[in-house]
**Student:** 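Here it is, the structure in full.
Just so it is clear, the structure is predicted and the values come from calculations on it, not from any experiment.
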Number of protein chains: 2
Amino acid sequence: MIKSCEPNNENYSCPIEKTLSIIGSKWTLLILRDLSNGTKRFGQLQKSLKGISPKTLSSRLQELEKEGIIIKKVYPEVPPRVEYTFTPKGERLRKIVLALADWGSEDHTALGV
Amino acid sequence: MIKSCEPNNENYSCPIEKTLSIIGSKWTLLILRDLSNGTKRFGQLQKSLKGISPKTLSSRLQELEKEGIIIKKVYPEVPPRVEYTFTPKGERLRKIVLALADWGSEDHTALGV
DNA sequence: CTGCATCCCTAAGGATACTG
DNA sequence: CAGTATCCTTAGGGATGCAG
């Protein structure tokens, strides 16, 4: 039983709203999808997420890091290398993303079934 | 293992993109949340989704109906009564929405754990 | 009550150039 | 390579009025 948010409850009292605030933007789920196959670098993500701008990718990654979903590892080399990996919390989210993918790939020929 | 979308694959070859195209807009997940507690009328939804405009609610409901996620039942009364309920396909999606809610309500004090 | 039609507005992203 | 800084565009929604 999920409760709707009470009118006087602010700042994501409702878990769905909180989740939405984290993964609700355009590219986030796709980033998680691509990270699902293992650690990736900034450039790799930019390539696999055909069409994303570096600005947006950077923003989304920062959000995910701040939320404790991914970890950013910087190698002090030149040229710089940066890798992104799921945290345990991210791993749990990943499972759900996989479920969404499964759901999305169901056969829909029999509408509504 | 989720594959990224191949550059030359169009129209949501990737399940996540397809799912995103269905539930990706601002209110959809919240509508599903509120429908999670059982059949609801248009007006009920508009009330529990504090802030949504009738235009948007109408659009999202139509999309969900077209995708076979919910069923719209119209009672030929006056004033009109309309009810929205999950289809079996919608029920499966509902389970995942519940999982997202669970994930969102986890304790995040220990960041990344 | 349900839900279109209109008009309007803002914030999320795109494109690009630049730096450590 | 991995971003940041700027500028600019657009489409998703908000508000409102009206209709069956």
**Student:** Is any side-chain nitrogen or oxygen of B:Ser53 closer than 4.0 Å to OP1 or OP2 of D:dG13?
**Tutor:**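 B:Ser53 to D:dG13 OP1/OP2: no side-chain N or O under 4.0 Å.
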**Student:** Would you please confirm or rule out a distance under 4.0 Å between OP1 or OP2 of D:dG13 and any side-chain N or O of B:Thr56?
**Tutor:**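 Answer no for this pair, as no side-chain N or O of B:Thr56 is under 4.0 Å from OP1 or OP2.
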**Student:** Quick one: does B:Lys55 reach the base of C:dG3 with a side-chain donor-acceptor pair under 3.5 Å?
**Tutor:** no
**Student:** Remember a base hit wins even if backbone is also touched, and classify A:Ser59 as base, sugar-phosphate or nothing at under 4.0 Å, heavy atoms.
**Tutor:** nothing
**Student:** Determine yes or no for a side-chain-to-main-chain donor-acceptor pair under 3.5 angstrom, with B:Ser58 supplying the side chain and B:Lys55 the backbone.
**Tutor:**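 Looks like no, no N/O pair under 3.5 Å.
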**Student:** Give the nucleotide from the list C:dG13, C:dC4, D:dA2 with an atom nearest to the side chain of A:Arg60.
**Tutor:**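 Taking heavy atoms from C-beta onward, the closest nucleotide is C:dG13.
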**Student:** From CD1 of A:Ile52 over to C1' of D:dG3, roughly how many Å is that when rounded to an integer?
**Tutor:** 13 Å
**Student:** Hey, mind stepping through A:Glu63 and A:Lys66 against salt bridge (charged side-chain N to carboxylate O under 4.0 Å, His left out) and telling me if it holds?
**Tutor:** CA-CA 5 Å; A:Glu63 288 175 10; A:Lys66 181 178 301 180; over 6 Å; no
**Student:** Using a heavy-atom cut-off of under 4.0 Å over every strand shown, decide if A:Tyr84 touches base, sugar-phosphate, or nothing.
**Tutor:** sugar-phosphate
**Student:** Would you kindly say whether A:Tyr84 and A:Glu65 are connected by a side-chain donor-acceptor distance under 3.5 Å?
**Tutor:**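 A:Glu65 and A:Tyr84 do not have a side-chain donor-acceptor pair below 3.5 Å.
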**Student:** Checking all strands, does A:Glu83 fall into the base, sugar-phosphate, or nothing category for heavy-atom contacts under 4.0 angstrom?
**Tutor:** nothing
**Student:** Taking only side-chain nitrogens and oxygens of B:Arg41, does any of them come within less than 4.0 Å of OP1 or OP2 of C:dC1?
**Tutor:** no
**Student:** Scan B:Gln62 against the nucleic acid and name what it touches under 4.0 Å (heavy atoms): base, sugar-phosphate only, or nothing.
**Tutor:**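 If one applies the 4.0 Å heavy-atom cut-off, B:Gln62 turns out to touch the sugar-phosphate alone, with no base involved.
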**Student:** It should be established whether A:Lys26 places a side-chain nitrogen or oxygen under 4.0 Å from OP1 or OP2 of nucleotide C:dG14.
**Tutor:**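 Yes, because at least one side-chain N or O of A:Lys26 sits under 4.0 Å from OP1 or OP2 of C:dG14.
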**Student:** If you compare every side-chain N and O of B:Lys72 against the phosphate oxygens of C:dG3 (OP1, OP2), does one of them come in below 4.0 Å?
**Tutor:**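 Yes, such a contact exists.
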